[in-house]
There are 2 protein chains.
Amino acid sequence: MTTTKRNYHQYCGLASGLDVIGERWTLLVVRELMMGPRHYGELLADLPGMGTNLLADRLKFLTEQDVVRRVDVKGTGSRLAYELTERGARLRPFVLGLARWGLDFVGEIHPDDTVRPHWGFLAVESMLRQEAVTDHEEQYEFRVDDEVFRIEVSGGQAKTARGPASEPATVAKVDSATFVQIGAKRLTPLTAMLTGRLTLDGEVEAVLRCCDLLGLDAGDYAAGR
Amino acid sequence: MTTTKRNYHQYCGLASGLDVIGERWTLLVVRELMMGPRHYGELLADLPGMGTNLLADRLKFLTEQDVVRRVDVKGTGSRLAYELTERGARLRPFVLGLARWGLDFVGEIHPDDTVRPHWGFLAVESMLRQEAVTDHEEQYEFRVDDEVFRIEVSGGQAKTARGPASEPATVAKVDSATFVQIGAKRLTPLTAMLTGRLTLDGEVEAVLRCCDLLGLDAGDYAAGR
DNA sequence: CTGCATCCGCCTCGATACTG
DNA sequence: CAGTATCGAGGCGGATGCAG
């Protein structure tokens, strides 16, 4: 028990930050909590390869550091859950930045790779190019496997949200593996459509604006209209 | 030798990114290279506790992944150095963001903690509040131990640079440990001055603008003028 | 002397089994 | 369902060796 936790012993913000969230699996736990509270079992299920003792250790430590908190999701002690604290939520910008940066390293999909539809939500948020927002006020809906989320463009700002859009200008239906491959630019939206793995509803112009907003190559699609 | 490198096997940008820069020490190596090319021995000296084999492994892997490149710093093969590639340089925004986030975890300084003056350069860059830029065009110079760097405010933009300022509106002279403590808000500029660990030259108004730009509490200092 | 490679003890990690 | 206990494997840390 006197085994002291390993840290860098550097008087520096980055090193101190990495002492908290730099260990293996930790930032992936944070990612899971970035879409809302989750139960222990859900975390375990979406992080295959992570030992249950490690998850318990990480959650306990993150709780001590005020990055994560235990919460009674509804009712009296029915089932506990974990959620990000305000301090944990402040990690969002650069978790998204790192997710965007890492897209370049996403290779061909391998049989024993894990894919989860809600990761697509973060992928979209990390790909959003605020500088590409137009003055069209509209919403784009995504149905990745069984997850549904949307982009809302309003008042010169684009933001993501979970759940269906009220009046979607486009609806994209796709499986999660294909979705990530498009984000990683290993597949264009056009080829995904032609191979039947992606379905796009709505008017063409809206689809083009959506692709541009995400920095995706819509050229082929545009040429085919 | 056939020991395959450990990775997350998740089809996700964040996981793929962490497979590249998520291992122990890696992001600290990147930090060291963010101030320009460095030699193997310099890296080793500024990362105490890191084994020489680990540094060699990390550098080799980062080179393979096009995050880092070997350069002939001057002349024919005299001494090699490592520097960030364009891909590695794209890590800067969220390395800085994490450095800023981690400042909250910087505790009291401990005898066997390592401190390096050039980390102050990154601390300043991470603390810069672009929204606090005024229309005063001026420069602030910092002399942290033997390192000299500056902030340049010009055209509504603030940016950091190494080396002395041509016409500093303020010169701050301080040791590196004190510098980090001020950044971590464990010490106000005023108390640091009163204990003789910080010297501030230049007109008071410029000092106040500099503090505000870095989000530091200048209230005490202002009250004492 | 710098830039690594090799070797070895230890501690973290990952998988399974077990308990409230 | 939510963790705790246990143990083998392997990444890490420190010392040392060696080549250019």
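So that the names make sense, note that chain A is the first sequence line, chain B the second, and so on, each numbered from 1.
- Counting atom types as modelled, A/Asn53 pairs no side-chain N or O with a base atom of D/dG3 as donor and acceptor under 3.5 Å.
- Inspection of the B/Ser176 and B/Asp145 side chains reveals an N or O donor paired with an N or O acceptor under 3.5 Å.
- A sub-4.0 Å separation between OP1 or OP2 of D/dG3 and a side-chain N or O of A/Arg70 is present.
- Rounded to whole Å, the distance from CH2 on B/Trp25 to C1' on D/dG13 is 9 Å.
- One atom, OH of B/Tyr8, and another, C1' of D/dG11, lie 13 Å apart when rounded to the nearest Å.
- Judged by closest nucleotide on DNA chain D, A/Leu44 is the one of A/Leu44 and A/Arg6 placed further toward the 5' end.
- What separates CG of A/Asp57 from P of C/dT12 is a distance of 10 Å, to the nearest Å.
- The CG-P distance, from B/Leu43 to C/dT2, rounds to 13 Å in whole Å.
- By the 30° and 60° cut-offs, the orientation of the rings of B/His110 relative to A/His9 is tilted.
- Here the rule is side-chain contact (heavy atoms from CB on, under 4.5 Å) with A/Tyr82, and of A/Glu32, A/Arg70, A/His39 only A/Arg70 fits it.
- B/Arg69 and B/Thr85 share no side-chain donor-acceptor pair at under 3.5 Å.
- Atom CG in B/Leu55 sits about 13 Å away from atom C1' in D/dG13, given to the nearest Å.
- Annotation for A/Lys185: atom NZ counts as buried by contact number, over 12 foreign heavy atoms lying within 6.0 Å.
- For A/Met50 and C/dT12, the CE to P distance is 15 Å, given to the nearest whole Å.
- The base of C/dA5 sits within donor-acceptor range of the side chain of B/Thr52, with an N or O pair under 3.5 Å.
- Side-chain N/O atoms of A/Tyr82 include one lying less than 4.0 angstrom from OP1 or OP2 on D/dG3.
- The side chain of B/Arg24 has D/dC12 as its nearest neighbour among D/dC12, C/dG3, C/dC13.
- Separating the CD atom of B/Glu42 from the C1' atom of C/dG3 is a distance of 13 Å, rounded to the nearest angstrom.
- Residue B/Leu54 has its side chain nearest to D/dC12 when only D/dC12, D/dA2, C/dG14 are considered.
- Between C/dT2 and B/His39, no contact under 4.0 Å exists linking OP1 or OP2 to a side-chain N or O.
- Rounded to whole angstrom, the span from the CG atom of B/Asp46 across to the P atom of C/dT2 amounts to 14 Å.
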